[in-house]
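The model shown is predicted, which means the values in this text are computed figures rather than measured ones. Labels below follow one simple rule: chain letters A, B, ... track the order of the sequence lines, proteins then strands, and each chain is numbered from 1.
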Amino acid sequence: MAGICLADIARDNQIEVPVDLRRDKGWVGQLIESELGALAGSKPEQDFLHLGVELKTIPIDHNGKPLETTYVTVAPLTNIQGMTWENSLVYHKLQRVLWVPVEGERSIPVGQRRIGTPILWQPNRDQARQLQQDWEEIMELIALGKVDKISARHGEVLQLRPKAANSKALTESIAEDGSIQLSNPRGFYLKINFTQQILANAFS
DNA sequence: AAGTGATCATAG
DNA sequence: CTATGATCACTT
């Protein structure tokens, strides 16, 4: 697919190209899933379970730098006692990722955006350590009932941010006194500097 | 311009 | 609502 533009992939899959992504934010990802035959659908599993590979498209600028953070998974806000890094959803999803860079600048019409060279990545020792450290720190705050005090500034490479239809959506979380309260759902995201390093390392 | 918080579509 | 796919858009 490298070098091909999205309109070509869309035509092959009989999918229409939207004018912009405001109402089609997951369009590029789903287009590539369709092209590659990913099977997970909306299940919380790796896209290619049989290969142990997660597929992620990543929007880049003309210098190859990511334009956005990368969503990983929803964050569990209750029933997290006994949960460890090794059995977390973040750990499993990031075991192996096929990154598919796609031009993402809004000045380029969606259909004309080109696909870059895909990168099959596994976290190296340092990356794994950074991810685990951030995950454990964030999960501890959640366990202590401080989810509503966590901002996207926490974490060096992994951050916690809202992941919901809007700011009014509610889900159960742990309160500071240990009881159940309602909070805006959150998700884990990889910060731009981290994914930028992944892409850079692949070409060095 | 970067970074954080908010949001959009869809399936089950 | 939860989970998938993410990008938008406002604030700093």
Given the rule in the salt bridge (Lys or Arg N to Asp or Glu O under 4.0 Å) test, do Lys149(A) and Glu176(A) qualify, once you have shown the distances and angles that lead to the verdict? CA-CA 11 Å; Lys149(A) 293 186 169 58; Glu176(A) 295 209 51; 2.7 Å; yes
Considering all heavy atoms of both residues, which atom of Ser88(A) and which atom of Trp135(A) are nearest to each other, and what is their separation? CB-CZ2, 3.4 Å
Tell me, please, which residues at least two apart from [X] pass side chain to side chain donor-acceptor pair (under 3.5 Å).
X         : answer
Asp177(A) : Ser179(A)
Arg23(A)  : none
Asn13(A)  : Ser34(A), Glu35(A)

Would you say the side chain of Leu51(A) lies within less than 4.5 Å of the side chain of Leu98(A), judging by non-hydrogen atoms?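 Side chain of Leu98(A) against side chain of Leu51(A), heavy atoms only: no contact under 4.5 Å found.
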Any Glu54(A) side-chain heavy atom under 4.5 Å of Val97(A) side chain: yes
Distance-only donor-acceptor test, Lys168(A) side-chain atoms vs dT7(B) base atoms, 3.5 Å: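 Answer is no: no donor-acceptor pair is held.
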In whole angstrom, what separates [X]'s [atom1] from [N]'s [atom2]?
X         : N       : atom1 : atom2 : result
His154(A) : dG3(B)  : NE2   : P     : 17 Å
Arg23(A)  : dA6(B)  : CZ    : P     : 19 Å
Ile192(A) : dA6(C)  : CD1   : P     : 15 Å
Leu55(A)  : dA6(C)  : CG    : C1'   : 12 Å
Leu98(A)  : dG5(C)  : CG    : P     : 13 Å
Arg186(A) : dT2(C)  : CZ    : C1'   : 16 Å
Ile60(A)  : dA6(C)  : CD1   : P     : 14 Å
Glu33(A)  : dA11(B) : CD    : C1'   : 13 Å

Would you mind building the protein contact string for nucleotides 7-12 of chain C? One character per nucleotide, 5' to 3', B for base within reach (heavy atoms under 4.0 Å), S for sugar-phosphate only, - for untouched. BBB---
Angle, rounded to 10°, between the helical axes spanning five pairs at each terminus of the helix from dA1(B)-dT12(C) to dG12(B)-dC1(C)? 30°
Could you tabulate the donor-acceptor pairs under 3.5 Å formed by side-chain atoms of residues 102-115 of chain A, not counting sequence neighbours?
from: Glu103(A); atom 1: OE1; to: Arg114(A); atom 2: N; distance (Å): 2.9
from: Glu103(A); atom 1: OE1; to: Arg114(A); atom 2: NE; distance (Å): 3.4
from: Glu103(A); atom 1: OE2; to: Arg114(A); atom 2: NE; distance (Å): 3.3
from: Glu103(A); atom 1: OE2; to: Arg114(A); atom 2: NH2; distance (Å): 2.8
from: Arg113(A); atom 1: NE; to: Ile108(A); atom 2: O; distance (Å): 2.9
from: Arg113(A); atom 1: NH2; to: Glu105(A); atom 2: O; distance (Å): 3.4
from: Arg113(A); atom 1: NH2; to: Ile108(A); atom 2: O; distance (Å): 3.2

Within the pair Lys93(A) and dT4(C), is there a side-chain N or O less than 4.0 Å away from OP1 or OP2? yes
Does Gln159(A) make a side-chain N or O approach to OP1 or OP2 of dT4(B) shorter than 4.0 Å?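 Yes, such a contact exists.
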Under 3.5 Å, is there a donor-acceptor pair linking the side chains of Thr69(A) and Arg161(A)?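 Yes, a side-chain donor-acceptor pair sits under 3.5 Å.
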Thr171(A) side-chain proximity, nearest of dA6(C), dT2(C), dG5(B): dT2(C)
Please figure out whether Asn166(A) or Lys65(A) has its closest DNA chain B nucleotide nearer the 5' end.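 Counting from the 5' end, the first nearest nucleotide belongs to Lys65(A).
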Taking for each residue the nucleotide of DNA chain B bearing the nearest heavy atom, is the 5' side occupied by Asn193(A) or by Asn184(A)? Asn193(A)
